[in-house]
Peer 1: 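Submitted below is the structure of interest, expressed as C-alpha cells.
Here is how names work: the chains are called A, B, and so on, in the same order as the sequence lines, proteins then strands, and each is numbered from 1.
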There are 2 protein chains.
Amino acid sequence: MTARQPPTSRGPYRKSAATRTTILDAALEVFAVSGFHSGSLRDVARLVGMSEAGILHHFADKVTLLAAVLEHRDAVDIEQFRRLSADGESSLHALIQLAKSNESRERIIRLYATLSGESTAPDHPAHEHFVDRYVRARAFLRESFDALDRRGLLRAGVSAESAAIGTIATMDGLQTQWLLDPDAIDMSAQLAQYLSAVTEITFSAEV
Amino acid sequence: MTARQPPTSRGPYRKSAATRTTILDAALEVFAVSGFHSGSLRDVARLVGMSEAGILHHFADKVTLLAAVLEHRDAVDIEQFRRLSADGESSLHALIQLAKSNESRERIIRLYATLSGESTAPDHPAHEHFVDRYVRARAFLRESFDALDRRGLLRAGVSAESAAIGTIATMDGLQTQWLLDPDAIDMSAQLAQYLSAVTEITFSAEV
DNA sequence: GTCTATAAACCGATAGAC
DNA sequence: GTCTATCGGTTTATAGAC
C-alpha cells in the first residue's frame with residue numbers, strides 16, 4: 001500500500017500523496033467559487049500548474065474529484081469539531097467557536113454555500129452527499145438539544161428536533177448573507193443570539 | 001409603446017408579450033433546477049418548443065434573460081406580500097403565510113436557493129441583484145421588528161436588525177433543508193417558532 | 001417572429017509519447 | 001507521473017433566409 005515507487009525522472013519517492021493534496025486544495029477553490037458544473041478541470045489544472053490530463057491521472061474523473069474534496073473536508077471538519085466539543089451545552093458553545101473560526105475561512109463557507117444550493121437538484125453528483133450530511137448534522141445537534149431538554153433548559157414550545165433544524169438553518173442562511181455582504185453580518189454573534197433565544201442559556205460569541 | 005404590429009405570417013397581433021411570458025416561465029424552471037451557468041438556452045428553448053435563436057429574438061442574451069426572470073419574480077412577490085401585510089406584527093404573520101404558500105411552489109424556492117448560492121461569487125451576473133435584494137429585505141424586516149420593539153415586544157438582548165438578519169437566515173436555511181428532504185422540514189412551523197423565540201409574541205403556522 | 005446554419009469558444013475525457 | 005494532441009460534445013451568439 002505504501003510501498004515506495006521508483007523515481008521515474010527527477011521526482012522524489014511517493015510524490016503522489018502530496019500532489020493529490022495540492023490538487024484537492026485547488027479543486028476546493030474552484031468548486032467554491034464556480035460550483036461543480038461551472039468549475040472546470042482546466043481551472044483546477046491552471047491553479048495547480050499542471051495539465052488537465054495530469055489531474056485526471058490522480059482522480060478518475062471530475063465527479064470523483066468532487067467526492068474526494070467533500071470527503072477530505074468532512075474528515076477535517078469532524079476532527080476539528082470533535083476536538084472542541086464534549087457533551088450537550090458545551091458542544092453548542094463549540095458550534096459558536098466554529099462559526100467564529102469560519103469567518104477567516106471564506107473558501108470553506110463559499111464551498112458549502114455554493115454546493116448546497118447547486119446540489120438541491122436531484123441529479124447533482126453531490127446530492128446524496130448533502131442529503132446525508134444534513135441528516136447527520138440534525139441527528140448530532142438533536143442529541144445536544146436533547147441533553148439540554150432533560151435538564152429543562154429548552155425554551156417552552158421548542159423541541160430538540162426543531163431546535164436542531166433551526167440551528168442549521170440559521171448557520172446556513174447567515175453564511176449566504178455574510179458572503180454577499182461580509183460587513184453587515186456577524187455570524188457568531190447571530191448564532192449565539194439564536195441559541196440564547198431557543199434555550200434558557202445565555203450564549204455569547206465572546207471567548 | 002403598445003401599438004399594434006402587422007401580422008407577419010399567420011400569427012395574431014402582439015403575440016410578443018405572451019411569448020415573452022412563456023419564455024420567462026421556462027427560463028425560471030431551467031435556472032431553478034440548473035442555475036444560471038449550467039442552465040442552457042437549449043433547455044429553455046426545448047421547454048418552450050422553440051429554437052435558441054427564437055429565444056434570443058426576445059431577450060438580447062442569456063444574462064438579460066436571467067435579469068428579466070428575477071425582475072418579474074420580484075414584482076410578483078412584492079405584490080403578493082403587500083397584499084398580505086400591513087404594519088409591524090401583522091407583516092410577520094404575513095411572512096409565515098408566505099412560507100406556507102411557498103411549500104406548494106417548489107420551483108420558486110428552488111430558483112432562489114440555487115441562485116443565491118451561485119450568486120455569492122462576486123462576478124456572477126446576479127451578484128448585485130442578490131446583494132441589493134438582501135439589503136432591501138433586511139431593511140423591510142427591521143422596520144417590522146422596530147415597531148415591535150417600540151411596543152416592548154422584542155425579547156431582551158435582541159435588536160431589530162439582528163432579528164431581521166436572523167429571520168431571513170432562518171427562511172433561507174430552511175429552504176435548503178426542505179429542498180433536500182421535504183418530509184423532514186415544516187418550514188412555516190419552524191419560522192413561527194423562530195419568531196416566537198425572538199419576540200414576546202406567540203406565532204403559529206396555523207391559519 | 002421564427003428558423004437553419006454556422007462561428008468560435010470551452011468542456012471532459014482518452015491515447016500515447018516520454 | 002506528466003505531457004501534448006486530439007476527439008466528440010456542448011455552449012452562447014450571430015447571419016441571413018423566409
Peer 1: Rounded to whole Å, how long is the line connecting atom CE of B:Met50 with atom P of D:dA13?
Peer 2: 17 Å
Peer 1: Using only atom types and a distance under 3.5 Å, with no angle test, would you say the side chain of A:Ser162 pairs donor to acceptor with the backbone of A:Val158?
Peer 2: no
Peer 1: Does A:Leu56 reach a base, just sugar-phosphate, or nothing at all? Heavy atoms under 4.0 Å.
Peer 2: base
Peer 1: Is there a side-chain polar atom (N or O) of B:His57 under 4.0 Å from OP1 or OP2 of C:dG1?
Peer 2: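 Yes, within the criterion.
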Peer 1: Looking at B:Ser51, I'd like to know whether one of its side-chain N or O atoms comes within less than 4.0 Å of OP1 or OP2 on C:dT2.
Peer 2: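 For C:dT2, neither OP1 nor OP2 has a side-chain N or O of B:Ser51 closer than 4.0 Å.
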Peer 1: Any side-chain to backbone donor/acceptor pair from B:Ser196 onto B:Ala192? Under 3.5 Å, distance only.
Peer 2: yes
Peer 1: Quick one: which of C:dT2, C:dG12, C:dT4 gets closest to the side chain of B:Ala53?
Peer 2: C:dT4
Peer 1: How close or far is atom P of D:dT2 from atom CG of A:Leu41, stated in whole angstroms?
Peer 2: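 Interatomic distance, CG of A:Leu41 to P of D:dT2: 15 Å.
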Peer 1: Can you figure out which of C:dG1, D:dT2, C:dT4 approaches the side chain of A:Thr19 most closely?
Peer 2: D:dT2
Peer 1: side-chain hydrogen bond (donor to acceptor under 3.5 Å, both in side chains), that's the test. Do B:Gln175 and B:Arg110 meet it? Break it down for me.
Peer 2: CA-CA 8 Å; B:Gln175 290 175 3; B:Arg110 196 173 288 278; over 6 Å; no
Peer 1: Nearest of D:dT2, D:dT11, D:dA15 to any side-chain atom of B:Ser40?
Peer 2: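 In terms of side-chain proximity for B:Ser40, the closest of D:dT2, D:dT11, D:dA15 is D:dT11.
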Peer 1: Can you check whether B:Ser16 has a side-chain N or O nearer than 4.0 Å to OP1 or OP2 of C:dG1?
Peer 2: yes
Peer 1: Is B:Arg138 reaching over with its side chain to a backbone N or O of B:Glu161, donor-acceptor style, under 3.5 angstrom?
Peer 2: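 Checked: no pair found.
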Peer 1: Within this structure, what is the CD-to-C1' distance between B:Glu52 and C:dT6, rounded to whole angstrom?
Peer 2: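 Taking CD of B:Glu52 and C1' of C:dT6, I get 12 Å after rounding.
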Peer 1: C:dT2 C1' sits how many Å from B:Arg20 CZ, rounded?
Peer 2: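 From B:Arg20 CZ to C:dT2 C1': 17 Å.
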Peer 1: Please check if the side chain of B:Lys62 supplies one atom and the backbone of B:Gly39 the other of a donor-acceptor pair under 3.5 Å.
Peer 2: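 Answer holds: yes.
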Peer 1: Quick one: is B:His37 getting a side-chain N or O under 4.0 Å of the D:dT11 phosphate, OP1 or OP2?
Peer 2: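 No, B:His37 has no side-chain N/O under 4.0 Å of OP1/OP2 on D:dT11.
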Peer 1: Whole angstroms only, please: what is the CZ-P distance between B:Phe59 and D:dT14?
Peer 2: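 From B:Phe59 CZ to D:dT14 P: 16 Å.
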Peer 1: Please state how far atom CZ in B:Arg42 lies from atom P in C:dT4, giving the value in whole angstrom units.
Peer 2: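 The distance from CZ of B:Arg42 to P of C:dT4 comes to 13 Å, rounded to the nearest Å.
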Peer 1: Let me know the distance between CG of B:Leu66 and C1' of D:dT12, rounded to the nearest Å.
Peer 2: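 One finds 15 Å between C1' of D:dT12 and CG of B:Leu66, rounded.
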Peer 1: Could you check how far CZ of B:Phe31 sits from P of D:dT11, rounded to whole Å?
Peer 2: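 Going from B:Phe31 (CZ) to D:dT11 (P), I get 13 Å.
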Peer 1: Start at the 5' end of DNA chain C and walk down; is the nucleotide closest to A:Ala60 or to A:Asp43 reached first?
Peer 2: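 Mapping each residue to its closest nucleotide by heavy atoms, the 5'-most match is A:Asp43.
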